[in-house]
Amino acid sequence: MPVTSATIRSMHWSDVQRVAALEQQLFPVDAWSPEAFWAELALVPHTRCYIVAVDSDEQIVGYAGLFNAGSDADIQTVAVAPDAQGRGIGALLLRSLLDTARSRGSSRVFLEVRSDNASAIAMYLAHGFEQLNVRRDYYAQGVDAVVMRLMVKHE
Ligand SMILES: CC(C)(COP(=O)(O)OP(=O)(O)OC[C@H]1O[C@@H](n2cnc3c(N)ncnc32)[C@H](O)[C@@H]1OP(=O)(O)O)[C@@H](O)C(=O)NCCC(=O)NCCS
């Protein structure tokens, strides 16, 4: 795995503008609005965890979010700026969310990912997720969603 110098910290309200700009760039068809991120941040820490990855200049190069309720959790999003991809930042963000899910007592973590998103699916498989089923025509333009699940190991 490539070595990254990025570090993880909590997402702040003041990060929303930069995060929403990245979101628009990475998910042009169904990007979350700034308001959607504000609504999510309002639920931190009760049922949400939102983090950003920052480079050595404190610039945001990625972000990720988790929803947790009871024994289940969902990965809401994991995203890395195009020019920072392939350096281990997505994996760093994902591992941080999984640590949070574990510390909050989650037994199972679920996610949905576009069936044509080979790099994301590879990342999730590499972290122990398994494919549960496929939701047909789940995304715009008739793209299927792959539903994946990770059983969380507690010591
Ligand atoms: C998916 C995404 C988050 C991965 O982030 P990243 O920082 O590029 O990924 P990493 O460098 O941490 O790589 C982690 C793993 O992902 C997989 N991966 C990453 N890029 C890949 C590629 N181009 N092809 C195949 N697998 C890839 C590999 O399994 C890799 O592990 P390895 O380096 O040990 O082989 C990033 O590509 C992204 O933001 N994509 C656009 C937004 C998106 O699709 N998010 C996911 C929504 S569910």
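Numbering starts at 1 and runs along the sequence shown.
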(message) Rounded to the nearest 0.5 Å, what separates atom CD in Gln76 from atom OH in Tyr50?
(response) 4.5 Å
(request) Could you give me the CA-CA distance, side-chain angles and deciding distance for Val147 and Arg135, then say whether side chain to side chain contact (heavy atoms under 4.5 Å, CB included) is met? (result) CA-CA 7 Å; Val147 181; Arg135 292 182 172 160; 3.8 Å; yes
(message) Just verifying a value: how many Å separate Ser115 OG and Arg136 CZ, rounded to the nearest 0.5 Å?
(response) 8.0 Å
(message) Rounded to the nearest 0.5 Å, what separates atom NE2 in His127 from atom CZ in Phe129?
(response) 9.0 Å
(request) Report yes or no: do Val52 and Leu97 belong to one cluster of Ile/Leu/Val/Met/Phe/Trp/Tyr joined by side chain heavy-atom distances under 4.5 Å? (result) no
(request) Decide side chain to side chain contact (heavy atoms under 4.5 Å, CB included) for Asp72 and Ser106; before the verdict, give the C-alpha distance in whole Å, the side-chain angles of both, and the deciding distance to 0.1 Å. (result) CA-CA 5 Å; Asp72 285 356; Ser106 304; over 6 Å; no
(message) Quick one: does any side-chain atom of Arg18 pair with a main-chain N or O of Ile60 as donor and acceptor, under 3.5 Å?
(response) yes
(message) Run Asp144 and Asp137 through side chain to side chain contact (heavy atoms under 4.5 Å, CB included) and show every step you take.
(response) CA-CA 5 Å; Asp144 298 340; Asp137 299 336; 4.0 Å; yes
(request) With the side chain counted from C-beta on, respond yes when Ile75 and Phe67 share a heavy-atom pair under 4.5 Å apart, and no when they do not. (result) no
(request) Return the minimal non-hydrogen interatomic distance between Leu26 and Ala81, and the atom names on each side. (result) CD1-N, 4.5 Å
(request) State whether a side-chain donor-acceptor pair under 3.5 Å links Tyr63 with Glu23. (result) yes
(request) State yes or no: do Val109 and Met123 share one hydrophobic cluster built from I, L, V, M, F, W and Y residues joined by side-chain heavy-atom distances below 4.5 Å, directly or via other members? (result) yes
(message) Please report the interatomic distance OG(Ser96) to CD1(Ile51), rounded to the nearest 0.5 Å.
(response) 3.5 Å
(message) Arg48 and side-chain contact (heavy atoms from CB on, under 4.5 Å): which single residue from Leu43, Leu41, Thr100 fits?
(response) Leu43
(message) For Val80, is there any backbone N or O sitting under 3.5 Å from a side-chain donor or acceptor partner on Gln85?
(response) yes
(request) List the atom of Arg104, the atom of Pro45, and the distance in Å for their closest heavy-atom pair. (result) NH1-O, 3.1 Å
(message) When you compare the side chain of Cys49 with that of Asn68, does any pair of heavy atoms fall below 4.5 Å?
(response) no
(message) Between Glu40 and Met11, is there a side-chain heavy-atom distance shorter than 4.5 Å?
(response) no
(request) Look up atom CZ in Arg95 and atom CD1 in Ile8, then write down how far apart they are to the nearest 0.5 Å. (result) 9.0 Å
(message) Minimum heavy-atom separation for Leu93 and Ala64, please, with both atom names.
(response) CB-CB, 4.0 Å
(request) Give a yes or no on whether Gln17 atom CD has more than 12 heavy-atom contacts from other residues, nucleotides or ligands under 6.0 Å away. (result) no
(request) For residues Ala140 and Val29, report the shortest heavy-atom separation together with the two atoms involved. (result) CB-CG1, 3.5 Å
(message) Taking the side chain as everything from C-beta on, heavy atoms only, tell me whether Val19 gets closer than 4.5 Å to His12.
(response) no
(message) Quick check: is Met148 connected to Leu66 through a chain of hydrophobic side chains (ILVMFWY, heavy atoms under 4.5 Å apart)?
(response) yes
(request) Specify the closest pair of heavy atoms between Ala120 and Val113, including all atoms of both residues, with the distance to one decimal. (result) CB-CG2, 3.9 Å
(message) Taking the side chain as everything from C-beta on, heavy atoms only, tell me whether Thr77 gets closer than 4.5 Å to Phe27.
(response) yes
(message) Can you give me the closest heavy-atom contact between Gln25 and Pro82, atom names plus distance?
(response) NE2-CG, 3.7 Å
(message) Donor-acceptor pair, distance only, cut-off 3.5 Å: does the side chain of Asp57 make one with the backbone of Gln59?
(response) no
(message) I'd like to know if Leu94 and Ile121 are part of one continuous hydrophobic network [Ile/Leu/Val/Met/Phe/Trp/Tyr, side-chain heavy atoms within less than 4.5 Å].
(response) yes
(message) Whether Arg114 engages the ring of Tyr139 as a cation-pi pair (distance to the six-membered ring centre under 6.0 angstrom, angle to the ring normal within 45°) should be assessed.
(response) yes
(request) Decide yes or no on side chain to side chain contact (heavy atoms under 4.5 Å, CB included) for Asn117 and Ser119, but give the supporting numbers first. (result) CA-CA 6 Å; Asn117 195 342; Ser119 53; 3.5 Å; yes
(request) Indicate, with yes or no, if Trp13 and Trp32 share a hydrophobic cluster defined by side-chain heavy-atom contacts under 4.5 Å among Ile, Leu, Val, Met, Phe, Trp and Tyr. (result) yes
(message) Less than 4.5 Å apart, side chain to side chain, heavy atoms only: is that true for Leu98 and Val152?
(response) no
(request) Starting from the C-alpha separation in whole Å, work towards a yes-or-no answer on salt bridge (Lys or Arg N to Asp or Glu O under 4.0 Å) for Asp99 and Arg102. (result) CA-CA 5 Å; Asp99 286 346; Arg102 191 175 297 109; 3.1 Å; yes
